[in-house]
K.L.:
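Below is a structure I'd like to ask you about.
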Amino acid sequence: MPELPEVETIANGLHKRVAGDRIESVWLGSKPEPLKSTAAEISSTLQGSRLARVRRVGKHIVFDLASEDLPATRQWIVHLGMTGRLLISTPEDELPKHTHLVARLESGRELRFVDPRRFGRLEVRQNSFTGPGAEPLQISADDFAQLFHRSKAPIKGALLNQKLLHGVGNIYADEALIRAGIRPRRRAHSLTRTELNKLHAALRKVLHAAIKAGGSSISDYVDANGDEGFFQIQHRAYGRGGKPCLTCKTPIKKIVVAGRGTHYCPRCQK
DNA sequence: ATACCGACCTGTCAGC
DNA sequence: TGCTGACAGGTCGGTA
């Protein structure tokens, strides 16, 4: 579900609402799929920890944990997958179907992880988590060009490769490419430096605009406060197959690239 | 090493 | 109304 702008919105919202609170106890569901660490590791690490800070790394939500006896080097990492959600609730709120973790907080609230499709992952770590790739909003144009100029993959696939850049998903890959005027099937190494610069700038711009809009709500995405994002009204390619290009009126094409539904303008994108 | 492709899951929606 | 199949914001592992 969530890509960089949505995860950033969720992490910032969670930070505002739960930073400083302490986890008193943890309930874990019986389904093991969402766990990368063992249930015992997750329970023992979270229990008693203070949520010092909540932030985004790539598409991951990172909770920096602190406790009386240990320095703040432990982290709780949450990847939301396609349908994962972190909800702040009261104990009286009905437990949603597909709830996999409930953390009871000192404040009396509960932080719940709900994920119907179970593509999300929970993990605890001791060391500092830096994510699989580079941050799209921090990387320089030079380093950005370096990442892609040797890859034979279609540029759309390369943008989705989290080991290169982390945080870009299907929506923002399509939205960056249409804004940069580049076809999704172009081999990454075939892009000129001018095109890579345009793509770097377009990606930064679209991600910043989407963060400002609170992300894209396609079906059920809501942030930590339950509010919808509204960047979807600014989509030019994603979800607009058959509809006229906002620049030239040519119908937007929908194809499959790197196994993902891909939308582009056959006239504006070269 | 690189790049496709199915698998992993549930829910929703279109079409019959 | 109800069934079937396609599709969905992501990632991983196997295979070519």
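In what follows, every heavy atom counts, from backbone to side chain, and hydrogens, waters and symmetry copies are set aside. Protein chains get the first letters and strands the later ones, always in sequence-line order, with residue 1 at the start of each.
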K.L.:
Can you tell me which residue pairs pass the side chain to side chain donor-acceptor pair (under 3.5 Å) test with a partner in residues 234-247 of chain A, sequence neighbours excluded?
P.N.:
A:Ser216-A:His235
K.L.:
What distance, rounded to whole Å, do you find between the two C1' atoms, one in B:dT12 and one in C:dT11?
P.N.:
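Approximately 22 Å lies between the C1' atom of B:dT12 and that of C:dT11.
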K.L.:
For every nucleotide of nucleotides 1-7 of chain B, 5' to 3': is a protein heavy atom under 4.0 Å from its base (B), only from its sugar-phosphate (S), or from neither (-)?
P.N.:
--SS---
K.L.:
In this structure, which stretches of DNA chain C are paired as stems of three or more consecutive Watson-Crick or G-U pairs, both distances less than 3.5 Å?
P.N.:
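B:2-8 with C:10-16, B:10-16 with C:2-8 - these are the stems of 3 or more pairs that involve DNA chain C.
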K.L.:
A:Arg109: what forms a side-chain hydrogen bond (donor to acceptor under 3.5 Å, both in side chains) with it, not counting sequence neighbours?
P.N.:
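For A:Arg109 the side-chain hydrogen bond (donor to acceptor under 3.5 Å, both in side chains) partners, ignoring immediate neighbours, are A:Asp21, A:Ser107.
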K.L.:
Whole Å only: how far is the OH atom of A:Tyr172 from the C1' atom of C:dG10?
P.N.:
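Going from A:Tyr172 (OH) to C:dG10 (C1'), I get 15 Å.
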K.L.:
Measuring only the P atom in each nucleotide, how far is C:dA6 from B:dG6? A whole number of Å is fine.
P.N.:
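Roughly 12 Å separates the two P atoms.
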K.L.:
Which residues pass the side-chain hydrogen bond (donor to acceptor under 3.5 Å, both in side chains) test with A:Asp223, sequence neighbours left out?
P.N.:
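Testing A:Asp223 for side-chain hydrogen bond (donor to acceptor under 3.5 Å, both in side chains), a comparison that skips the adjacent residues, returns none.
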K.L.:
If you look only at distance, which donor and acceptor atoms sit under 3.5 Å apart when one is on a side chain in residues 262-270 of chain A and the other is two or more places apart or in another chain?
P.N.:
residue	atom	partner	partner atom	Å
A:Thr262	OG1	A:Lys156	NZ	2.8
A:Thr262	OG1	A:Arg260	O	2.9
A:His263	ND1	A:Asp174	OD2	2.8
A:His263	NE2	A:Gly239	N	3.3
A:Gln269	OE1	A:Cys265	N	2.7
A:Gln269	NE2	A:Leu177	O	3.4
A:Gln269	NE2	A:Ile182	O	2.7
A:Lys270	NZ	A:Arg267	O	2.9

K.L.:
Looking only at atom P, what distance separates C:dC7 and B:dC5, rounded to whole Å?
P.N.:
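Here C:dC7 and B:dC5 have their P atoms 14 Å from each other.
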K.L.:
What side-chain donor-acceptor pairs closer than 3.5 Å can you find for residues 23-31 of chain A, not counting sequence neighbours?
P.N.:
residue	atom	partner	partner atom	Å
A:Ser25	OG	A:Arg104	NH1	2.9

K.L.:
Apply side-chain hydrogen bond (donor to acceptor under 3.5 Å, both in side chains) to A:His15 and list each qualifying residue two or more places apart in sequence or on a separate chain.
P.N.:
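Applying side-chain hydrogen bond (donor to acceptor under 3.5 Å, both in side chains) to A:His15 gives none.
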K.L.:
Would you say a side-chain N or O of A:Arg117 is under 4.0 Å from OP1 or OP2 of C:dG10?
P.N.:
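No, A:Arg117 has no side-chain N/O under 4.0 Å of OP1/OP2 on C:dG10.
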K.L.:
Give a yes/no on whether any side-chain N or O of A:Lys31 is located under 4.0 angstrom from OP1 or OP2 of B:dC9.
P.N.:
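Checking A:Lys31 against B:dC9: no side-chain N or O falls below 4.0 Å of OP1 or OP2.
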K.L.:
When rounded to the nearest Å, what value does the distance between P atoms of B:dC9 and C:dC3 take?
P.N.:
24 Å
K.L.:
Just to verify, what does A:Arg50 make a side-chain hydrogen bond (donor to acceptor under 3.5 Å, both in side chains) with, not counting sequence neighbours?
P.N.:
none
K.L.:
Given A:Leu101, which partner from the list A:Val114, A:Ile42, A:Leu111 fulfils the side chain to side chain contact (heavy atoms under 4.5 Å, CB included) test?
P.N.:
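Going through A:Val114, A:Ile42, A:Leu111 one by one, the side chain to side chain contact (heavy atoms under 4.5 Å, CB included) with A:Leu101 is satisfied by A:Ile42 alone.
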K.L.:
On the nucleotide B:dC9, are OP1 or OP2 found under 4.0 Å from the side-chain N or O atoms that A:His98 carries?
P.N.:
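Checking B:dC9 against A:His98, no side-chain N or O comes under 4.0 Å of OP1 or OP2.
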K.L.:
Using nucleotides 11-15 of chain C, report all nitrogen or oxygen pairs with the protein that are shorter than 3.5 Å.
P.N.:
residue	atom	partner	partner atom	Å
C:dT11	OP1	A:His79	NE2	2.6
C:dT11	OP2	A:Lys59	NZ	2.7

K.L.:
Would the A:His149 and A:His189 ring centres measure less than 6.0 Å apart?
P.N.:
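So the answer is no for these two rings.
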K.L.:
What residues form a salt bridge (charged side-chain N to carboxylate O under 4.0 Å, His left out) with A:Arg118, not counting sequence neighbours?
P.N.:
A:Glu33
K.L.:
By salt bridge (charged side-chain N to carboxylate O under 4.0 Å, His left out), which residues pair with A:Arg17, not counting sequence neighbours?
P.N.:
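For A:Arg17, no residue satisfies salt bridge (charged side-chain N to carboxylate O under 4.0 Å, His left out) once neighbours in sequence are set aside.
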